[in-house]
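See structure below.
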Amino acid sequence: MSPTGNEPGSPRVRFAPSPTGNLHLGSARTALFNWLVARGGGGSMILRLEDTDKERSSAEFERDIIGSLHWMGIDWDEGPDVGGSHGPYRQSERMGIYREHAERLLEDGKAYRCYCTQEELGARKEAAVKAGRAWRYDRRCLGLDEAERERLEAAATPWTVRFRVPEGKVTVEDMLRGAVVVDASEIDDFIILRSDGSAGFHLAVVVDDITMEITHIMRGDDHLTNAARHVLLFEALGAETPRFLHHSLLMGPDGSKLSKRHGSTSVSDYREQGYLPEALTNYLALLSWSPGDDREIFSLGELVGEFSIRGVSASKAIFDFDKLNWLDRQHIKRLSDSELTDRVLPFLERSGKSELLELPREKLELAVESVRNGMEKLTDAVGPTDIFTRSAGDVDQKSMAELKKSDVLDEALEICAGALRAEASADREAAERIVSVLREAAREKGWGAKKVLWPFRLAVTGLTVGPDLAYLIMFWGPDGCADRIEATRRTLEVANE
RNA sequence: GGCGCAUUCGUCUAGCCAGGUUCAGGACGCCGCCCUCUCAAGGCGGUAACACGGGUUCAAAUCCCGUAUGCGCUACCA
C-alpha cells in the first residue's frame, strides 16, 4: 500500500476551483477531465477550494460548486465536505502550512524579503514600460545591505516574500503539448507571501499539490505559463514534479473567452433550464475529446470507460449551443417514459401546474410521452402538456377559423363521433384503430384524410397544434373525445348565432 | 512589447506520431426532398475545410522552417 492509500501508480488528481462565482462551464469541464482520469484509472479525486482571495470568495458559491458537481454526477474522495487524510481542503485553513514552506525557502536562501511598496513597484514598472523595456522585478531588495535591512525592519516596514528565480531553462513536461521550455530569465521573482502574511496563488498551489500528493495536474491552458513557476517551486521545495496536462480553454461563439454575454455560463443555469446532466457532461467531454471513431453519445459511465487523454485535442474549443441542444435531445430519447416523467415533474411543480400534477400517474406519463419528441430539454414539456387541461368546448381563434374553412364540417364531425362511440377501450390499439377507421371513412367519401382528421384535432383540443391523435384518444378515451367534440359543436352554434 | 500555446468544413472533430489506400471521413447547423391531420420527430440527399509561404521527398493535411492570425501569461487575482 502506498502512502496515498491507492494502488501504486494510480493517479491522485484534484479539482481546485476558487469559490468566487457559480461553477462555470469551463471549470466544470476541467473537473470532468480530472474525474474521468481518476475514475478511469482507479485513482482518487480531490476537491480543493482555492479561497485565498477572501474578498471575492463566499460560502454561497462554495455551495453552488459542490451542488453543481454532484448534479453532474461528479464525486470526490477527499474534500472540504467529506474530509480526508490530507486536509484541510480549503486554502484559507492552510495558511500555517504555507508559511512554514515559505520559511524554509527563506532559510535556504531560495526566497527573500521584499520591502518595496506597491506604489514604488508601480512607478518603476511604468517607467520601464515607457522606456520600452520589459518590466520584471528589479531585485532591489535582494541586494539590500545589512544596515539598510535593519533600518527597514526597525521602521516596521511591511514586507512580502519573493521567490528567487534561479537561472537557466525551465521545462514543463505537458502530456498534451510535450516539453514546453521557458527561459527562467523571463520569469519575475514572484511574490509567494503577501504583506499580510497570506500565501500567494503559486505557493499555495504548489504546497498543496505536494502535501496532498497529487500525481497529475490537469487544468486550463491559462496555467501553462504558470506551470513553469510551479516547476521551479517544486524543485526548490525538493519535491517531485507531478505530471501536467493543460487543456484548451472554453470560448464563446465569437472566439473570446466564454462569458455572460454569450448566454448562460454556469452549470446551475443549465440545470434550471432543464438540461439533462448526462447531456451536459457528454457535451463538455466532446469538446476537445474524441473516442477516435464516430460515436458521440455517451452516458457518464460510458465516458469513464472510453475516455483517454490520448483523445484530447490541444486546440481551442468554442461552445456550440446548438450541439448541446441536440445532445440533450438524444439523451432524452434514451430515457423511458417513466424516467422522463420523473425528471419533468420538478419543472411542472415549479411552474405551478397543479391540474397536471393531480392527474393519476398513468395519465401524467401519457401526457409526457405524447410531447416527448418535441422536447429539447425538460422544460419543453411544460407548455405543450397544458393541452390536456383545457376545458371542453374551448376553441382558440385560429382553430375556430380552421373549422369554419371546412365545407363538410358537420359530416366530418359526425363521422368522428360515430367512430369514437363505436369503441369502448382507450388503449393504444383501440386508439390507433379509431384513427384508421377515420382514414377509411374519408377515403370512402372520396376525401383526403385531412378532411376528417383535421377537424377531429381542432374539435377535440380546440388547438391547431398538439400531439398525435392517438394520444388524444388514449388520454380522454373515445367517449371523452366524443363529448369534447359535442362541446365544440355547441361553441360553434353559439358563435354562429 | 516579451514569452508561451494553438491553427482540418460556420462549429466540434477523424486522419497527423509510424508521408502514398483521402480531389480529406463523421456530427451539429443550414438547405432540399420524402413521410405527414398540426407541430415535431424520423428517413434520404446536398452545402462546406487541410491559415499562408517556403523547403524535404518520386509523393505532404501528415515531416522541417518562416509568416500571419487567435488565445494565454507577463498582479501583494486565481
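Small disclaimer: the values here were computed from a predicted structure and weren't measured. Residue numbering restarts at 1 for every chain, and letters A, B, ... go by the order of the sequence lines.
The separation between A:Lys323 atom NZ and B:rU13 atom C1' is 8 Å, rounded to whole Å. A:Asp322 places its CG atom 7 Å from the C1' atom of B:rC28, with the value rounded to the nearest Å. One interatomic measurement links the two molecules: CD of A:Glu173 to C1' of B:rC5, which rounds to 15 Å at whole-angstrom precision. Per the geometry, CG belonging to A:Leu176 stands 13 Å off P belonging to B:rC5, to the nearest Å. Here B:rC77 presents its P atom at 14 Å from CD1 of A:Ile192, a figure rounded to the nearest Å. When the P atom of B:rC76 is taken as reference, atom CE of A:Met95 falls 16 Å away, rounded to whole Å. Atom CG of A:Asn325 is separated from atom P of B:rC30 by 11 Å (rounded to the nearest Å). Residue A:Trp289 contributes atom CH2, which lies 20 Å from atom P of B:rG26 at whole-angstrom precision.
Residue A:Ser198 is classed as having no contact, given no heavy-atom separation below 4.0 Å to the nucleic acid. At the heavy-atom level, A:Phe201 lies under 4.0 Å from base atoms of the strands shown. Within 4.0 Å (heavy atoms only), A:Ser195 reaches at least one base atom of the nucleic acid. Heavy atoms of A:Cys116 sit under 4.0 angstrom from at least one base atom. As judged by a 4.0 angstrom heavy-atom cut-off over every strand, A:Gly220 is placed among residues making no nucleic acid contact. Nucleic acid contact class of A:Thr20 (heavy atoms, under 4.0 Å, all strands): none.
Distance check on atom P: B:rG10 versus B:rA48 gives 10 Å, rounded to whole Å. Taking atom C1' on both B:rC28 and B:rA14, the two are 15 Å apart, rounded to the nearest angstrom. To the nearest whole angstrom, the two C1' atoms, one in B:rA6 and one in B:rC52, are 16 Å apart. B:rU22 and B:rA61 have their C1' atoms separated by 10 Å, with the value rounded to a whole Å. Nucleotides B:rG43 and B:rG4 have their C1' atoms positioned 49 Å apart, rounded to a whole Å. A distance of about 40 Å separates the P atoms of B:rG46 and B:rC65, rounded to the whole Å. B:rU13 and B:rG29 have their C1' atoms separated by 15 Å, with the value rounded to a whole Å. If you take atom C1' in B:rA49 and the same atom in B:rG54, they sit 22 Å apart, rounded to whole Å.
Taking the six-membered ring for Trp and the full ring otherwise, the centers of A:Phe319 and A:Tyr283 sit less than 6.0 Å from each other. Residues A:His331 and A:Tyr275 keep their aromatic ring centres 6.0 Å or farther apart.
Ranking B:rG10, B:rG4, B:rC77 by closeness to the A:Asp320 side chain, first place goes to B:rG10. Picking from B:rA27, B:rG26, B:rA78 the nucleotide with the shortest atom distance to the side chain of A:Trp326 gives B:rA27. Counting only heavy atoms from C-beta on, A:Thr160 has its side chain closest to B:rC76 among B:rC76, B:rC12, B:rA78. When distances are taken from the side chain of A:Arg177 to each of B:rA78, B:rC12, B:rA6, the shortest belongs to B:rA6.
Summarising the base pairing, B:rG19 is matched to no nucleotide, lacking a Watson-Crick or G-U wobble pair whose two defining distances lie under 3.5 Å. Nucleotide B:rC3 forms a pair with B:rG72, judged by Watson-Crick or G-U wobble geometry with both contacts under 3.5 Å. Pairing for B:rC52 goes to B:rG66, judged as Watson-Crick or G-U wobble with the two contacts each under 3.5 Å. As the counterpart of B:rA61, no nucleotide is assigned, since no Watson-Crick or G-U wobble pattern has both distances under 3.5 Å. Across all strands shown, B:rC77 forms no Watson-Crick or G-U wobble pair with both key distances under 3.5 Å. Base pairing of B:rU11: its partner is B:rA27, meeting the Watson-Crick or G-U wobble criterion (both donor-acceptor distances under 3.5 Å). Searching all strands for a Watson-Crick or G-U wobble partner of B:rG42 with both distances below 3.5 Å returns B:rC34.
Positionally, the nearest nucleotide of RNA chain B for A:Val180 lies more toward the 5' end than for the other of A:Gln330 and A:Val180. In terms of position along RNA chain B, the nucleotide closest to A:Phe319 lies nearer the 5' end than the nucleotide closest to the other residue of the pair A:Gly311 and A:Phe319.
We find that A:Glu414 and A:Arg489 are joined by a salt bridge, their nearest charged nitrogen and carboxylate oxygen being less than 4.0 Å apart. Residues A:Arg90 and A:Glu50 are not paired through a salt bridge, judged by the lack of any N-O separation under 4.0 Å between the basic side chain and the carboxylate.
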Could you run through nucleotides 34-41 of chain B and give me one letter per nucleotide, 5' to 3': B if any protein heavy atom sits under 4.0 Å from the base, S if only the sugar-phosphate is that close, - if neither? ---BBSBS
Nucleotide by nucleotide, nucleotides 70-75 of chain B touches protein heavy atoms under 4.0 Å in the pattern (B base, S sugar-phosphate only, - none) -SBSSS
Apply ring pair (Phe, Tyr, Trp, His ring centres under 6.0 Å) to the pair A:Trp76 and A:Phe15, showing each step before the final yes or no. CA-CA 9 Å; A:Trp76 44 94; A:Phe15 173 55; 8.6 Å; no
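Between the side chains of A:Ser248 and A:Ser288, at least one donor-acceptor pair of N or O atoms lies under 3.5 Å. If you check the side chains of A:Tyr98 and A:Asp208, you find a donor sitting under 3.5 Å from an acceptor.
At distances below 3.5 Å, at least one donor-acceptor pair connects side-chain atoms of A:Glu302 with backbone N or O atoms of A:Ser299. The closest donor-acceptor contact from the side chain of A:Asn282 to the backbone of A:Phe298 lies under 3.5 Å. In this structure, the side chain of A:Thr491 engages the main chain of A:Ala487 through a donor-acceptor pair within 3.5 Å.
At least one side-chain heavy atom of A:Glu423 sits under 4.5 Å from a side-chain heavy atom of A:Arg433. Side chains of A:Ser18 and A:Leu49 form no contact here, defined as non-hydrogen atoms less than 4.5 Å apart.
The two residues A:Thr265 and A:Tyr270 make their nearest non-hydrogen contact at N-CE1, 4.3 Å.
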